[in-house]
Each structure stands twice: as C-alpha cells, then as structure tokens.
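For ligands, and for the atoms within them, numbers begin at 1 and follow the listed sequence.
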Amino acid sequence: MHKIKKNFISFYLGFALKNPLVFSTLAIFASISWPLDLVLMPYLNKVFVDRVSQGGDIYYIVAPLSFLFVFKLVANLLNRTHDYLWITFLVDTQSRIRKFLFKYVHGHSYQYFIDHPSGKLSQRLNEVVRNFENLVGFFMELLIPLSIGMVFTIALTARISYIFALVFVVWFLFEILIAYSLGPKALEAARVHSNRSADLGGAIIDSILNAINVKIFSSPLRELGYIKKKDDAKCEAKKSSMFHSWRIRVVTNVIDSMFFIVFFFMLLYLYKIGRVTLGDFILIYGLYINFGRSMSWMGTRVAYTLESIGIVNNNLNILLEDYSMVNNTKRELEVTKGEIVFENVTVNYGNVKAIENFYLTIKPREKVGIVGASGAGKSSLLSVLMRFFDFEGDIRIDGQSIKMVTQESLRDNISYVTQESMLFSRSILENISYSRRDASKQDVDRSIELANATSFIKALPEGIDTLVGERGITLSGGQRQRVSIARALLKNSKILLMDEATSALDSEAEQAIQESMKNL
Ligand SMILES: Nc1ncnc2c1ncn2[C@@H]1O[C@H](COP(=O)(O)OP(=O)(O)OP(=O)(O)O)[C@@H](O)[C@H]1O
Ligand SMILES: [Mg+2]
C-alpha cells in the first residue's frame, strides 16, 4: 500500500498536478498579470507626471498612455483566460478528490464505521473537497503573485531610495511574523471547531434518522435540547476560531497603519529636501497604496486560510487514517467442499468478551443452527467469520485459515443475510442483483421465488423496479428480509450465513423459505 499523505499541501498538490499543464498555466498567468498590475500602474503614473511636469510636447505622454492601454488589454486577456481554465480545473480536481476519498473511506475496517458515524464522515469528506478552492486559491492567486509583486516593488523603490525598499521588506517580514506567531493558535482553534462541527452534523443526521422515535415519544423539543448542547459547543468553537482570525486582522491593520505614517512622513521629508521628484513621490505613494491594499487583503485571507488549513488537516487525518485490518497475504480462499472449523475462537470488543474458547466443526452440506440467549454472541460469530472484526484462535474453511487469505476472497465466497436488513435506496432489482451484477433474469426470478418474495414484488406498483426508500423503509419488515434473502441466494455461494433472517416473517412465509433451504 502506498503511503498516504495527510498534510493538506502534499495532498492537494498531488491532485492539482494530475493536470500539470493546466495547473502550471494557471500559476503562470496569475503570477504575471497581478504583479504587473500592482507595479506597472504606479510606474506609468510616475512617467506620466514626470513628463507633464517637464512640459514640452503633448506627444511625450502618448507613448505611456498607449502602453497603458495595451497592457490593460493583455492583462484582461490573461485574467479571463485564467478564469476560463480555472472553472474546469477546479470542478474536475474537486471531483477527483471526492472520488479518491470516497474509495479510500470504503476501504476502512467495519470498526472504523462504528467509531465514525456516517453523518460525520460525510461532512468531513465534503469539507476537504470544498476547501480545495480556498487553499489552492490562496497560494496560487495571492501568496505567489504577491511575493512576485513584492520583488518588483522592492526593485523599483530601490532605484529611488534604499530606505523605502528596506521599509517594504520589513513590512512584508512583519506580516509573515504575525502569521507565524498567531498562526498555531488559530490552527488549533480551527481543529477544535472542525471536530465539534462534525459532531453536530452527525447528531443532526442521527436525530433525523430516528424521526420515528421522535414521533413515538413526542420528543422534538427534547431533541432540540440535545442538538442545542452540541450547537452551543460548536458555536463557541466557531467564535473562538473566528476571534483568532479577527485578532490576526487587527494586528495586521495596526502594523499597516504604522507603516503608512512612516511612509508618508519619509516621503514628505525627502520631497521637501529635493531628494525625490514629484514623479518618484507619485510612484512610491502608488506602490504603497497598491501594496497596502494587497497586504490588508492578504491579512484577511491569511486568517481565513489558517481556519481552512486547520479544518482540512484535521479531517484528512481522520479520513486517511491507516487501514487497521489489512490483508497480509495475496492468497485467495478456494472453497471446494465448504467445511468450516472454529477452533478455540475468542472475540473481544475492547473490554467486552462476546465469545470465549468456542469450538465447532460444520461439515460440507451440513446445515447448522446456532441457538443462544440474546447477547450470547451469535451475530459476533458470523461477524468474525466474515472478518469484520479480529479474533483470537482460528477459523478454517476447507483447511485454509481465514486470516491467511484476502478478506475480499473470503467474503466473495460467502452469502450473508444480516440480522437487520439493510437495503440501498434504489430499486428492488438493483438491491437483489447487487450480489451478482451479471445475473440473468431467470436467476433473479429464481432467487426471488426461493425467498418467497414473488407475489409481493409483483403486487408493487412498479414491480421489481419499485424504489424502496432510505434503508428500504417503504417495504414491510418481512418484505425487506425477503429481499435480502433473495440477494444472498442470488450470489449462490457454497456457504450461506443467515442471522435470524426470517425473524420478521409470518410462520407460513418462514415455512416456505425453510423448504427452499432444504432443496438448496
Ligand atoms: N461492535 C460492538 N462493539 C462492542 N460490543 C459489541 C459489538 N457488537 C456486539 N457487542 C457485544 O457483544 C455481545 C454479543 O453480541 P451479539 O450481537 O453477537 O449477540 P447475539 O447473540 O447475536 O444477540 P441477539 O440474539 O440479541 O442478536 C453483546 O454483549 C454485545 O453488547
Ligand atoms: Mg444477533
């Protein structure tokens, strides 16, 4: 497995560079037009003023004016081409990031999904995708162009006076120092906010998923109270994060104002003693105005960018956690007869011991029912057989330890009907054929027949193409179970696991399915 990068820079850059030509074109365009705009305008103003103040022919000022006109034209052309390329680049790159994260998250162990509820994960994923725009925009459209503009500004001012050049450098360094010293706290505040925000998002989804319980217990107000606590915590963190950003902006403003005073009085003085011309005065003043505006714009963006960085790094660390149950082999399970041996199996969930020293041998073609009290560990037995969780001891299928074969090959060889029927919010046909995409219509019909589901599916308004709603909510409990049984049977594996799969059925339907099982 390749090393996953959890830092936002390398993560985003990796995706941006998937399209190197467009990415570098965007970076180059942004690095040309803005710095030129920043520096050239004050310079042309200076030329203009110098020539006018020297008097003479009107044609003297035609040259700089035409230059200005052509420059504006070129800059506009660059900017609009840049914007055009950016649209496709942004949408495509965000789509790549979304698909990558989605695929990576599905590779996590089952335990990961227990630890990280779906609502939170979906929010974290969306935040990483969304912030690509802010963060790449900040570096590519602001920090790099501004730094280039800075170099030009210093070069131009140095020609007039080294002192001004020095003041610009010190100013820029101050801005960096502010970000550097106040940054870490802002990042930490953003991290806390990101976690609480995911917490709130998860709680809202959980509450909505439980809408039926909220109705049963007439508890919308109680739910509001529950959400309010998380909302308060989130708001407090959001405020703290925003106050950190605000503080950075205040300090930036103070620094900017101080530099304005220094600049203004220095300029006045030097002009008075005749060290700078009126043109130079206009140039430095113009550079100051442009630079100052960019600086305060940057101060604002630095603050927001730090927030984004904190959020993205935190979410990447959670989404891109290393996989906890990886295959340590490439060997695939081969089921020939279907013998299953449990040898001294012990299952722990942290401190909870679900199964202890369990032995069982299931011979080929044998049908075994496991009986036990609620919480005795029946489902856990099936879970570890599917390798959803790790366990002590050994389980062998046809002599091969299931720890020594890939998890995918193990699961491909087992049909499993879970205790709670979970269906996708898709059609019945899509749900059933999910287990075997290339199944023929006859095979699908046969598995529906075996699951005793033919008549109810036929009676639905759109038959097998009827949509079943979230988690299959538009079907009755027993219908949902029969759809999951049909799905498992269609897979046609040599091993079939059913976890109380007919618990929601009437005795007649249960009888019919048991008959079907006998004939498998
Ligand atoms: N993911 C989990 N994390 C922590 N504990 C768990 C987890 N799943 C099950 N348990 C615990 O393991 C024990 C066995 O649970 P299991 O679901 O296997 O019982 P069961 O025999 O299938 O019960 P039932 O007949 O009610 O379905 C229980 O005490 C349960 O609380
Ligand atoms: Mg169970």
* Any Lys/Arg nitrogen of Arg191 or Glu188 sitting under 4.0 Å from an Asp/Glu carboxylate oxygen of the other? ->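 Answer for the salt bridge query: yes.
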
* To do: Look at Lys228 together with Asp232 and state whether they make a salt bridge at an N to O cut-off of under 4.0 Å.
  =>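 Salt bridge flag = yes for Asp232 with Lys228.
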
* To do: Determine whether more than 12 heavy atoms belonging to other residues, nucleotides or ligands lie under 6.0 Å from atom CD of Glu366.
  => yes

* **Enclosure of Ile216 CD1 (heavy-atom neighbours >12, cutoff 6.0 Å)** => yes

* **Ring-ring centroid check Tyr112 Tyr323, cutoff 6.0 Å** => no

Measure the distance from [atom] to every protein heavy atom, then report the residue, atom name and distance (to 0.1 Å) of the closest one.
| atom | value |
| --- | --- |
| atom 26 (O) of ligand 1 | Ser374 OG, 2.7 Å |
| atom 27 (O) of ligand 1 | Gln419 NE2, 2.8 Å |
| atom 25 (O) of ligand 1 | Lys378 NZ, 2.7 Å |
| atom 12 (O) of ligand 1 | Tyr349 CE1, 3.3 Å |
| atom 29 (O) of ligand 1 | Gly375 O, 4.0 Å |
| atom 17 (O) of ligand 1 | Ser379 CB, 3.6 Å |

Within a distance under 4.0 Å of any heavy atom of [X], pick out the atoms of ligand 1 and give their elements.
| X | answer |
| --- | --- |
| Ser380 | 14 (C), 15 (O), 16 (P), 18 (O) |
| Glu500 | 25 (O), 27 (O) |
| Ile114 | 1 (N) |

Answer with yes or no whether the side chains of [Y] and [X] bring together a donor and an acceptor at under 3.5 Å.
| X | Y | result |
| --- | --- | --- |
| Gln111 | Ser324 | no |
| Glu332 | Asn413 | no |
| Asn315 | Ser194 | yes |
| Tyr110 | Ser383 | no |

* Would you say ligand 1 has an N or O under 3.5 Å from any N or O of Gly377? -> yes

* Kindly confirm or rule out an N or O of Val352 lying under 3.5 angstrom from an N or O of ligand 1. => no

* To do: Look at the N, O or S atoms of Gln419, main chain and side chain alike, and state whether any lies under 2.8 Å from the Mg ion (ligand 2).
  =>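 Checking the Mg ion (ligand 2) against Gln419, an N, O or S atom does fall under 2.8 Å.
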
* To do: Return yes when at least one N/O/S atom of Ser379 is nearer than 2.8 Å to the Mg ion (ligand 2), and no when none is.
  => yes

* Asked: Non-hydrogen atoms of Ala376 versus ligand 1: any pair closer than 4.0 Å?
  -> yes

* May I ask whether Gln111 places a heavy atom under 4.0 Å from ligand 1? => no

* Asked: Counting only non-hydrogen atoms of the protein, does one fall under 4.0 Å from atom 31 (O) of ligand 1?
  ->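 There is no protein heavy atom less than 4.0 Å from atom 31 (O) of ligand 1.
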
* Side chain, backbone, both or neither: which part of Ala373 comes within less than 4.0 Å of ligand 1 when only heavy atoms are counted? ->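 Backbone only; the side chain of Ala373 stays clear of ligand 1.
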
* Asked: Relative to ligand 1, is Leu381 under 4.0 angstrom through side chain, backbone, both or neither, heavy atoms considered?
  -> neither

* Validate the cation-pi geometry between Lys99 and Phe102: distance from NZ or CZ to the six-membered ring centre under 6.0 Å, angle to the ring axis within 45°. =>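 No, Lys99 and Phe102 do not form such a contact.
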
* Asked: With a cut-off of under 6.0 Å to the ring centre and 45° to the axis, is Lys403 in cation-pi contact with Phe391?
  -> yes

